[in-house]
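Below is one structure, written out as structure tokens; the observations come after it.
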2 protein chains.
Amino acid sequence: MNRADGGPEARGGAAFLLAQLGAHAAGRFAERLAGLDLTPAQAGLLRHLAQNPGRSQRELADDLGMLPSRFVPFVDELEERGLIERRKNPRDRRLYALHLTPQGLDLLTALLDVAADHEQQICQALTRAEHQQLSALLRRIADQHELSPGIHPGYRWSQPRRSRGGAPTSRADGAG
Amino acid sequence: MNRADGGPEARGGAAFLLAQLGAHAAGRFAERLAGLDLTPAQAGLLRHLAQNPGRSQRELADDLGMLPSRFVPFVDELEERGLIERRKNPRDRRLYALHLTPQGLDLLTALLDVAADHEQQICQALTRAEHQQLSALLRRIADQHELSPGIHPGYRWSQPRRSRGGAPTSRADGAG
DNA sequence: TATTGTTATACTCTATAACTATA
DNA sequence: TATAGTTATAGAGTATAACAATA
């Protein structure tokens, strides 16, 4: 077999399949999130905020890999929707302390239901044992590459890229 | 454990890990491709063209999920670099037949070497047996979701998204 | 009339760099 | 002087809609 045929090791290797399936999974999840009127980055902030309440905007922007300047309107929208809350920090009046509101917590629970459904749909082809096996293998790879749990590189772009009509494939890149 | 804590099933599930690792793998591969002065979409076309020579621009744009209008300058650049060739189709003079040049074939072989290195680096944490096991599981999932072999959703965007300086993390989304 | 390749334009989103207020 | 939050602006990249040539 000629090496220059773009052979199976390139299209069927684990690395390519990871990239391809990862984008697919992220896109499907983004579709589901759209039903909750959330982008992947917004969902990421809600989850992150539930576990790290009271952090400043600067810290949160760093956590999610976003620019502070873009983080401002990003937070604005969620605050206007009553999902998160900006509290002034009395110790240092330059800082905000961001918190989830009760409404934000409600939406987060709905989000977790969606994520659980999504998980099952993606791994539908596997048995329960294989599903666990896959998770374990992926977690080991993620650990070795020192990926932060729960932080997706795609959060960097708060807005999903528009895809044209036809198939309902929103957000074909990585965020989920 | 409270469901609303953004618990482990959301951050450690296979679906999220797939999206996270997929974006990571795609980003790392994009960095390596930059060494060959190629974007992921360009690499995808070279590989696809090696196995599907003589197709029209319209067909190739459909294959890669790109808009025909954006496919034009996309092909222009590769043609100017002498990597691919537009041949007029004598049967239907509206169509071009795209082919890889010898130079394009050379670059493709270099690309496959890069892909092989990349594959090993991504799966470095796994034994040989586990690596094969992972590939098999991923392929079954990809088959069930009817993903086209070798076609990445990220090809839709021919240009990688710019990320800001610091860490050399080009293309954090899905294309590879 | 439909289709291929092409071009032009309007629009969306982003990074950069200022600016303010606090420290 | 340095930092948090904010705002404004210039630029990159895209989808949409036209267009000419050919069928």
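All chains are named by letter (A, B, ...) in the order of the sequence lines, taking the proteins before the strands, and each is independently numbered beginning at 1. Below, each value reflects all heavy atoms present in this structure, side chains not excepted, and no hydrogens, waters or symmetry copies.
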- [ ] Not counting sequence neighbours, which residues clear ring pair (Phe, Tyr, Trp, His ring centres under 6.0 Å) with B:H99? List them please.
- [x] none
- [ ] Rounded to the nearest angstrom, tell me the gap between atom CG in B:D62 and atom P in C:dT3.
- [x] 12 Å
Task: Nucleotide D:dT16, atom C1' - distance to CE of B:M66 in whole Å - done: 16 Å
Open item on the list: Under the rule for ring pair (Phe, Tyr, Trp, His ring centres under 6.0 Å), what residues qualify as partners of B:H131, not counting sequence neighbours?
Closed with: none
Task: B:V72: hydrophobic cluster co-members (side-chain, 4.5 Å) - done: none
TODO: In whole angstrom, give the distance that lies between atom CG of A:L67 and atom C1' of D:dG5.
DONE: 14 Å
TODO: Using ring pair (Phe, Tyr, Trp, His ring centres under 6.0 Å) as the criterion, list what pairs up with A:F71, not counting sequence neighbours.
DONE: A:F74
Task: Residues which pass ring pair (Phe, Tyr, Trp, His ring centres under 6.0 Å) with B:H118, listed by chain and number, not counting sequence neighbours - done: B:F29
Task: B:T127 side chain to B:E130 side chain, donor-acceptor N/O pair below 3.5 angstrom - done: yes
Dump the pairs, protein N or O against N or O of nucleotides 19-23 of chain C, anything under 3.5 Å, distances to one decimal.
{"residue": "C:dA23", "atom": "OP1", "partner": "A:R93", "partner atom": "N", "Å": "2.9"}
{"residue": "C:dA23", "atom": "OP2", "partner": "A:R93", "partner atom": "NH2", "Å": "3.4"}

Task: Sequence-distant partners of A:R86, salt bridge (Lys or Arg N to Asp or Glu O under 4.0 Å), two or more places apart - done: A:D76, A:E79
- [ ] Classify every nucleotide of nucleotides 6-13 of chain C by which part a protein heavy atom approaches to under 4.0 Å, writing B for the base, S for the sugar-phosphate alone and - for neither, in 5'-to-3' order.
- [x] BB----SS
Open item on the list: Tell me which pairs pass salt bridge (Lys or Arg N to Asp or Glu O under 4.0 Å) where either residue lies in residues 49-59 of chain A, with sequence neighbours left out.
Closed with: A:R55-A:E59, A:R55-A:D63
- [ ] Check salt bridge (Lys or Arg N to Asp or Glu O under 4.0 Å) between B:D143 and all other residues, then give those that pass, not counting sequence neighbours.
- [x] none
Task: Cluster companions of B:L137 among Ile, Leu, Val, Met, Phe, Trp, Tyr (side-chain spacing under 4.5 Å) - done: A:L17, A:L18, A:L21, A:I122, A:L126, A:L134, A:L137, A:L138, A:I141, A:L147, B:L17, B:L18, B:L21, B:I122, B:L126, B:L134, B:L138, B:I141, B:L147
- [ ] Using five pairs at either end of the helix from C:dT1-D:dA23 to C:dA23-D:dT1, determine the angle between the two local helix axes and round it to 10 degrees.
- [x] 10°
